[in-house]
A.B. asks: 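Got a structure here, written out as structure tokens. Questions coming.
Just so it is clear: chains get the letters A, B, ... in the order the sequence lines come, proteins before strands, and each one is counted from 1.
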Number of protein chains: 2
Amino acid sequence: MVTIYDIAKRANCSAMTVSKVINNTGRISEATRKRVLAIMEEMNYIPNSMARSLVLNETKILSLLITDITNPFYTSLARGAEDAALRHGYKLLLANSDENADKEKAYIETIMATRVDGVLYSPTGDESAALIERLTQLDIPVVLVDREVPGVECDMVLGDSRAGARAMVEHLIECGHRRIALVNGPLHVSTSRRRLEGYKEALEAHGIPLDPSLILEADYQHALTSTIAARLLELEERPTAVFAANNFLALGTIRTFQQQGLRVPEDISVSCFDELEAGFVVDPFMTVMAQPAYEFGTIAVDLLVERIRNRDAARRTVMLKPVLHSRRSVKRLR
Amino acid sequence: MVTIYDIAKRANCSAMTVSKVINNTGRISEATRKRVLAIMEEMNYIPNSMARSLVLNETKILSLLITDITNPFYTSLARGAEDAALRHGYKLLLANSDENADKEKAYIETIMATRVDGVLYSPTGDESAALIERLTQLDIPVVLVDREVPGVECDMVLGDSRAGARAMVEHLIECGHRRIALVNGPLHVSTSRRRLEGYKEALEAHGIPLDPSLILEADYQHALTSTIAARLLELEERPTAVFAANNFLALGTIRTFQQQGLRVPEDISVSCFDELEAGFVVDPFMTVMAQPAYEFGTIAVDLLVERIRNRDAARRTVMLKPVLHSRRSVKRLR
DNA sequence: TATGTTAGGGTTATCGGTAACTCTAGCGAA
DNA sequence: TTCGCTAGAGTTACCGATAACCCTAACATA
């Protein structure tokens with residue numbers, strides 16, 4: 001591989017001169033500059049960013065750690081983050097923890113070893129606190145995305161899960177539903193807790209008593225949802241509507257219902273947090289509380305870059321409002 | 001940031017000893033090993049992978065450059081690649097060219113500067129040949145994924161676009177369609193060319209004359225599809241079925257038809273290459289020629305890792321068979 | 001007793017680049 | 001003529017880690 005020393009030799013100058021040409025620093029005569037540039041071109045020189053980072057103590061790399069790369073919410077977020085990072089002159093290193101704490105830990109280790117300049121972090125749960133702590137100890141700026149972690153202080157970009165959930169459940173109530181189930185994510189994830197809060201608030205505001213048998217907890221990925229959702233069908237008094245805490249939970253729920261011979265929304269209504277199909281599907285079916293995923297990414301990167309520039313600035317939290325899209329999966333009763 | 005020198009000082013030994021403990025090389029007494037390990041833990045030591053890579057001339061990073069991170073085909077592929085890379089002890093650096101040659105070039109530059117050990121590369125088109133050439137010149141192993149490039153020799157993992165397209169069009173013919181349109185991707189992408197071939201083969205095999213007005217060319221992303229698909233509706237004799245060369249083209253086509261008041265499949269049938277909805281959608285609608293995207297990723301990484309280990313091995317091409325999923329978007333005539 | 005071997009470690013150079021400083025010729029001002 | 005300045009370079013040390021080699025005490029062997 002060609003180095004600046006090879007260039008220097010051929011150009012009859014020192015490596016420092018080549019470095020100065022590359023970085024446009026110092027005083028270099030026009031003639032020398034052109035000669036060096038020509039030789040760099042000719043020899044197909046590619047700078048070694050590791051050597052550079054080693055001495056500059058800066059990589060110009062940001063890391064984005066998400067929990068599910070197959071979820072459109074996170075891919076949109078990633079695209080937003082990528083676009084923003086490029087705008088700021090950073091590269092984006094994407095990592096996917098798959099909602100798995102071990103994978104997450106391994107990735108954090110890699111991220112630290114890579115000496116990235118900052119991390120966009122969607123933690124798998126409250127136990128991620130220790131990992132965030134380590135990043136902070138190493139003085140690596142962190143912006144939490146989508147999920148917060150109790151006891152951890154840092155910049156965050158969050159959706160308003162509580163208000164969103166409440167609005168969705170109130171929508172169901174307005175559609176005439178009173179027996180409304182919640183298929184929630186695991187409670188060690190902040191979004192699940194907030195969505196549960198919103199659910200409870202809505203019921204209470206409308207004088208509907210809380211029935212614990214209508215509240216289920218699954219994981220945020222595909223696997224277990226069906227067996228869990230099936231419990232709703234075994235209840236003496238079935239719910240008329242289900243609110244799922246994310247898109248994949250809704251999908252699993254609907255599949256379960258269909259396997260049991262129920263039609264959605266004729267027999268039972270289903271709605272969820274996060275967009276599910278739009279953009280992917282011919283005729284969007286699901287009533288959702290959509291989040292501006294792309295903006296999650298861009299805003300988080302903006303915060304992160306500012307934080308890198310100024311580590312002492314006040315901590316900020318940006319709260320993004322979700323939007324209700326009323327579609328066909330919810331039936332209006334009577 | 002803590003270095004091995006800091007550890008060494010505290011442990012009363014040389015940096016080399018610390019390095020040996022970390023890498024399990026050389027001879028170190030059990031007592032010293034434990035002492036060093038304890039101090040590393042205590043001081044929160046994180047190795048600097050750049051310094052390491054610099055001297056070892058190896059990064060243990062693979063790069064995956066795809067053209068559209070919002071397309072489920074590529075996210076599945078990415079997950080496969082990630083899993084396989086982790087299995088082999090590599091990290092995966094994900095980059096998204098967005099079907100944009102400039103972005104692609106910039107990413108290739110970054111990839112080279114990062115000195116990754118290998119590249120999984122889905123090129124934006126035939127013009128990518130020059131970029132691949134540069135990678136090869138720098139002796140960076142490349143595996144092409146999904147798309148080949150004329151004149152470029154390297155390992156490849158491809159889908160059988162020709163056979164898949166032919167089988168799909170023959171399926172349409174069996175369903176009674178004879179006037180079948182092709183909404184194709186740009187012809188500077190190899191998959192478009194192969195799908196066009198398959199389309200022609202199928203027609204010819206069944207004695208159906210080729211009508212050039214039924215062959216359209218759009219880009220593989222969302223933007224222009226609608227205006228292009230609209231042309232089909234202006235024809236004197238409309239097609240009864242459309243075969244779209246990828247999932248997003250199909251989506252744009254269907255949207256266009258619906259905006260014009262046509263129903264799919266009652267008024268016109270639509271099918272496409274690549275899975276569109278499965279996994280994302282309640283009730284998959286589209287008849288598709290699905291590709292094993294996840295396997296594209298794992299196999300490509302396997303090839304790449306083998307290539308890294310043995311640069312002189314014979315070049316290999318793996319061809320993956322697509323599978324027809326017949327669903328509701330295609331109507332059986334008569 | 002002399003020599004060889006080995007465990008357990010240390011020295012030094014190097015990877016590719018950059019910061020901070022130094023050097024020198026040529027020119028202008030005093 | 002002498003001093004000082006400046007344009008246009010070059011020197012040196014260092015970033016953090018590792019390879020390759022070197023060193024020494026202790027013990028075994030001839």
A.B. asks: Rounded to the Å, how far apart are Asn48(A) CG and dG16(C) P?
C.D. replies: 7 Å

A.B. asks: Check whether the side chains of Tyr107(B) and Ser63(B) place a donor and an acceptor atom closer than 3.5 Å, and report yes or no.
C.D. replies: no

A.B. asks: In a table with atom names and distances, give each donor-acceptor pair under 3.5 Å that connects a side chain of residues 14-23 of chain B to protein atoms at least two apart or in another chain.
C.D. replies:
from, atom 1, to, atom 2, distance (Å)
Ser14(B), OG, Met16(B), N, 3.4
Ser14(B), OG, Thr17(B), N, 3.3
Ser14(B), OG, Thr17(B), OG1, 3.2
Ser19(B), OG, Asn23(B), ND2, 3.4
Asn23(B), OD1, Arg52(B), NH2, 2.8
Asn23(B), ND2, Ser19(B), O, 2.9

A.B. asks: Pull out every residue in residues 133-141 of chain A that has a heavy atom closer than 4.0 Å to any atom of DNA chain D, ordered by number, or say none.
C.D. replies: none

A.B. asks: For Asp98(B), check salt bridge (Lys or Arg N to Asp or Glu O under 4.0 Å) against everything at least two apart and list the hits.
C.D. replies: Arg79(A), Lys103(B)

A.B. asks: For DNA chain C, determine which residues of residues 8-44 of chain A have any heavy atom closer than 4.0 angstrom to one of its atoms, and list them numerically.
C.D. replies: Met16(A), Ser19(A), Asn23(A)

A.B. asks: If an axis is fit to five pairs at each end of the helix from dT1(C)-dA30(D) to dA30(C)-dT1(D), what is the angle between the two, to the nearest 10°?
C.D. replies: 70°

A.B. asks: Looking at residues at least two apart in the chain, or sitting in another chain, which of them share a salt bridge (Lys or Arg N to Asp or Glu O under 4.0 Å) with Glu58(A)?
C.D. replies: none

A.B. asks: Can you list the residues that meet the salt bridge (Lys or Arg N to Asp or Glu O under 4.0 Å) rule with Glu133(B), with sequence neighbours excluded?
C.D. replies: none

A.B. asks: Is there any salt bridge (Lys or Arg N to Asp or Glu O under 4.0 Å) pair reaching into residues 308-317 of chain B, and which pairs are they, with sequence neighbours excluded?
C.D. replies: Asp139(B)-Arg311(B), Glu153(B)-Arg315(B), Asp155(B)-Arg316(B), Glu306(B)-Arg316(B)

A.B. asks: side-chain contact (heavy atoms from CB on, under 4.5 Å) with Leu64(B): which of Leu92(B), Leu93(B), Val301(B), Asn96(B)?
C.D. replies: Leu92(B)

A.B. asks: Find out whether Leu135(B) and Tyr121(B) are in side-chain contact, i.e. whether some heavy atom of one side chain is under 4.5 Å from a heavy atom of the other.
C.D. replies: yes

A.B. asks: Counting only non-hydrogen atoms, which of residues 106-115 of chain A are less than 4.0 Å from DNA chain C?
C.D. replies: none

A.B. asks: Verify side chain to side chain contact (heavy atoms under 4.5 Å, CB included) between Thr59(A) and Thr114(A), making sure each step is shown before the conclusion.
C.D. replies: CA-CA 8 Å; Thr59(A) 55; Thr114(A) 309; 5.6 Å; no

A.B. asks: Do Tyr74(A) and Asp146(A) meet the criterion of a side-chain donor-acceptor pair at a distance under 3.5 Å?
C.D. replies: yes

A.B. asks: Check the surroundings of atom CG in Asn310(A): do more than 12 heavy atoms from other residues, nucleotides or ligands lie under 6.0 Å from it?
C.D. replies: yes

A.B. asks: Which whole-number value in Å describes the distance from Ile4(A) CD1 to dC15(C) P?
C.D. replies: 12 Å

A.B. asks: Can a donor-acceptor pair be found between the side chains of Asp6(A) and Tyr45(A) at a distance below 3.5 Å?
C.D. replies: no

A.B. asks: Are more than 12 heavy atoms from other residues, nucleotides or ligands located less than 6.0 Å from atom NZ of Lys60(B)?
C.D. replies: yes

A.B. asks: Which two nucleotides bound the region of DNA chain D that has atoms under 4.0 Å from heavy atoms of chain B, read 5' to 3'?
C.D. replies: dG16(D) to dA20(D)

A.B. asks: Which atoms form the tightest heavy-atom contact between Leu94(A) and Ala78(A), and what is the distance?
C.D. replies: CD1-CB, 4.0 Å

A.B. asks: So, do Ile28(A) and Val36(A) sit near enough that their side-chain heavy atoms are less than 4.5 Å apart?
C.D. replies: no

A.B. asks: Find the distance between CD (Glu99(A)) and OG1 (Thr67(A)) and round it off to the nearest 0.5 Å.
C.D. replies: 3.5 Å

A.B. asks: With salt bridge (Lys or Arg N to Asp or Glu O under 4.0 Å) as the rule and sequence neighbours excluded, what pairs involving residues 38-49 of chain A come up?
C.D. replies: Arg10(A)-Glu42(A)

A.B. asks: Taking all atoms of both residues into account, what is the closest heavy-atom pair of Met319(A) and Gly159(A), and its distance?
C.D. replies: SD-O, 3.5 Å

A.B. asks: In whole Å, what is the span from the CD atom of Glu58(A) to the P atom of dG17(C)?
C.D. replies: 17 Å

A.B. asks: Tabulate protein N/O versus nucleotide N/O from nucleotides 23-27 of chain C, keeping only pairs under 3.5 Å, one per line.
C.D. replies:
none

A.B. asks: Using a heavy-atom cut-off of 4.0 Å across all strands, would you classify Leu56(A) as base, sugar-phosphate, or nothing?
C.D. replies: sugar-phosphate

